[in-house]
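Reading through the structure tokens given below for one structure.
Just so it is clear: chains get the letters A, B, ... in the order the sequence lines come, proteins before strands, and each one is counted from 1.
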Amino acid sequence: MANRYRTHNCSEAGRHIGRGISVAGWVNRRRDHGGLIFIDLRDRSGLLQVVFNPQVAAEAHRIATEMRPEYVVRITGEVARRPAGTENPGIPTGEVELIAREAEILNASRPMPFPMSDESGIDESVRLKYRYLDLRRPQMQQNMMLRHRVIKFIRDFLDARGFIEIETPILLKSTPEGARDYLVPSRLYPGKFYALPQSPQQLKQLLMVSGFEKYYQIARCFRDEDQRADRQPEFTQLDLEMSFVDEENVLDLMEELFTSLMAELKPEIRIVKPFPRLSYHEVIERFGTDKPDLRFGLELADVSDIVEDSEFGVFRTAIAGGGIVKGFAAPGCADYSRKQQAELVEFARARGGKGLVTMAIEGGQGGSLDDLTLDKVHSAVTRFFTIDQVREMVKRLHAGPGDLLLFAADKAEVVNTVLSQLRLEMANRLGLTDPNLMVFAFIQDHPLMEWNQEGNRWDSMHHPFTAPYDEDIPLLDTDPGRVRARHYDFVCNGYELSSGSIRIHDSRIQEKIFSLLSYSDEEIRERFGHLLEALEFGAPPHGGIAPGIDRLVMLLAGEDNIREVIAFPKTKSATDLMTNAPDAVSEDQLRELHLRLRAH
RNA sequence: GGCCCCGUAGUGUAGCGGACUAACAUGCCACCCUGUCACGGUGGAGAUCAGGGGUUCGAAUCCCCUCGGGGUCGCCA
């Protein structure tokens with residue numbers, strides 16, 4: 001698009017040698033030689049060197065002396081091949097340069113609060129305060145473009161398969177279960193509130209009742225919970241729902257979508273096909289978490305049966321108290337120093353463990369277990385075990401000489417939390433987290449409900465609309481904890497990318513679930529009446545999934561927090577450092593909304 | 001809500017009880033420089049050491065509180 005500002009962008013210059021062009025952009029760098037001045041001009045497409053020669057264009061040269069980094073300028077001149085020997089192989093346009101004839105400063109700039117080019121760590125609060133400048137940096141520009149391409153790919157992919165994108169409201173009714181809602185007070189109805197969607201869950205099910213059959217939406221979701229590196233108060237999901245499908249249809253679609261997306265956008269990253277499908281119980285057992293990083297082994301193993309009769313009181317007590325003892329082997333780490341091992345113990349304590357038992361097996365890697373003697377087992381607690389017990393443990397962990405064995409003993413949840421994190425830590429230390437490998441996997445067969453000790457009732461593991469397997473339905477009356485959900489998680493490299501399920505389309509089963517969850521008839525009618533009613537008007541069997549876009553783009557971009565792929569993210573404490581939101585509002589605004597602030 | 005890490009010129013760091021009148025790099029300003037590309041050279045300005053309180057003869061440095069940023073457990077159907 002040629003206009004009064006420019007005829008071409010920087011990256012196109014190489015194709016117009018010998019011709020006159022105009023370009024516009026930001027001054028990336030100025031090199032003033034007293035006579036000659038060089039400017040690296042930057043626009044979205046890249047860099048182009050501009051030469052100002054006082055003998056070629058005195059006025060343009062004079063203007064160039066006033067230019068400073070990040071000034072916005074327009075330059076007209078001729079594209080020329082650079083003199084032999086002065087080419088710069090470091091930039092794509094390094095073969096050519098623009099000989100300036102005419103220059104105009106469109107806007108000046110104050111000095112930058114932080115460097116645009118330097119990749120070194122700038123305090124994130126400074127970046128967030130000047131986010132519009134942070135986004136000017138090439139790295140952030142790339143992240144945003146990648147995000148755009150991911151979303152564009154998803155839209156094209158689903159459109160080609162007959163999906164319809166439908167927007168759903170941002171102002172909804174609050175549903176107190178699940179995450180904490182963001183609330184919006186109603187002006188017209190004193191004392192009443194809208195809630196922002198935690199996800200368009202119920203709406204997309206209703207769209208299935210409407211007969212759209214294949215729906216999707218790039219949906220903004222809001223959850224008022226504490227933040228993490230991979231969690232923001234508002235985030236974006238690919239929300240998707242289909243009618244007349246079973247699990248395989250949804251999972252196959254996901255596998256096809258993500259396989260083709262990777263091939264198109266990140267061909268250099270390897271993936272594993274077909275995507276592994278593992279049961280919930282299996283991944284908890286093997287990895288201690290429901291979102292395992294499958295790029296490496298270091299699998300956990302339960303050794304409770306081996307050590308329950310050992311002389312080691314800590315293990316015996318844990319097991320006697322209903323707990324377990326699990327461990328895994330860190331290959332080649334038997335030479336960890338006392339201090340390094342103490343670090344690991346501290347790591348475990350910081351994550352809720354009472355401690356950690358380390359056991360170094362002396363000897364070269366690959367050595368035989370038969371030669372193992374207790375004096376080659378270096379641990380503070382070696383004396384409590386027989387050589388047979390140690391051999392069994394080593395064998396159970398698929399370990400051998402040269403390895404460092406790590407054990408935790410406690411309630412199962414604590415052991416799994418500690419060891420799953422320690423597993424990631426050791427993988428990082430051992431360099432096993434390959435950035436060019438993404439292992440997508442599906443986790444299935446979660447329990448439908450879990451017992452809530454404090455509330456003395458059953459809670460949904462996922463949400464109350466998840467269907468149980470048909471064959472497990474009788475268990476709803478006898479043993480609800482054993483009912484398996486037609487639920488699936490989609491995980492990648494230790495992140496939960498997505499949750500989904502086949503939904504309940506039978507109002508009687510839906511009512512039964514609600515009553516098991518200890519909702520009163522009135523609560524059910526009040527909160528879910530519209531959904532139950534809808535299920536009575538010819539609701540088709542349906543199911544869906546909702547991959548998190550932020551986490552996906554984060555993984556594709558090689559970033560380790562989602563703020564790097566969100567244009568204007570909030571801090572860990574849910575504030576916006578640029579606009580200073582949230583902020584107080586005027587008394588007038590409050591009055592209009594029928595609100596009065598409580599003293600704290 | 002718990003635990004942990006961080007806060008020193010615009011930016012990134014050093015300094016970790018006295019030699020600090022706070023150093024280095026970069027950025028900024030001025031001057032010099034016609035083939036640089038992280039251009040080079042000379043000179044200069046720039047810091048209530050996050051804020052408050054305490055310990056000490058003496059605090060950027062040690063302790064406590066607060067604020068801000070980050071990580072994590074709980075939480076996130």
Mind checking [X] for me? I need base, sugar-phosphate or nothing, with any heavy atom below 4.0 Å counting as a touch.
X        : answer
A/Leu577 : sugar-phosphate
A/Arg68  : sugar-phosphate
A/Gln201 : base
A/Thr575 : sugar-phosphate

Look at the side chain of A/Arg349 and the base of B/rC4, then say whether one donor and one acceptor between them are separated by less than 3.5 Å.
no

Decide yes or no, distance alone: a donor-acceptor N/O pair under 3.5 angstrom between the base of B/rG70 and the side-chain of A/Arg563.
no

Hunt down the Watson-Crick or G-U wobble partner of B/rC24, both distances under 3.5 Å, from any strand shown, or write none.
B/rG12

Look at the side-chain N and O atoms of A/Arg127 and state whether any lies under 4.0 Å from the OP1 or OP2 oxygen of B/rU11.
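Looking at the OP1 and OP2 atoms of B/rU11, neither is under 4.0 Å from any side-chain N or O of A/Arg127.
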
Under 4.0 Å between a side-chain N or O of A/Ser573 and OP1 or OP2 of B/rG69?
yes

Hey, does the Lys NZ or Arg CZ of A/Arg484 hover above the aromatic six-ring of A/Tyr469, less than 6.0 Å from the centre and inside 45° of the axis?
yes

Between B/rG10 and B/rG17, how far is it from one P atom to the other, in whole Å?
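B/rG10 and B/rG17 have their P atoms separated by 27 Å.
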
I need a per-nucleotide contact map over nucleotides 34-40 of chain B, read 5' to 3'. Cutoff is protein heavy atoms under 4.0 Å; write B for the base, S for backbone only, - otherwise.
BBBBSB-

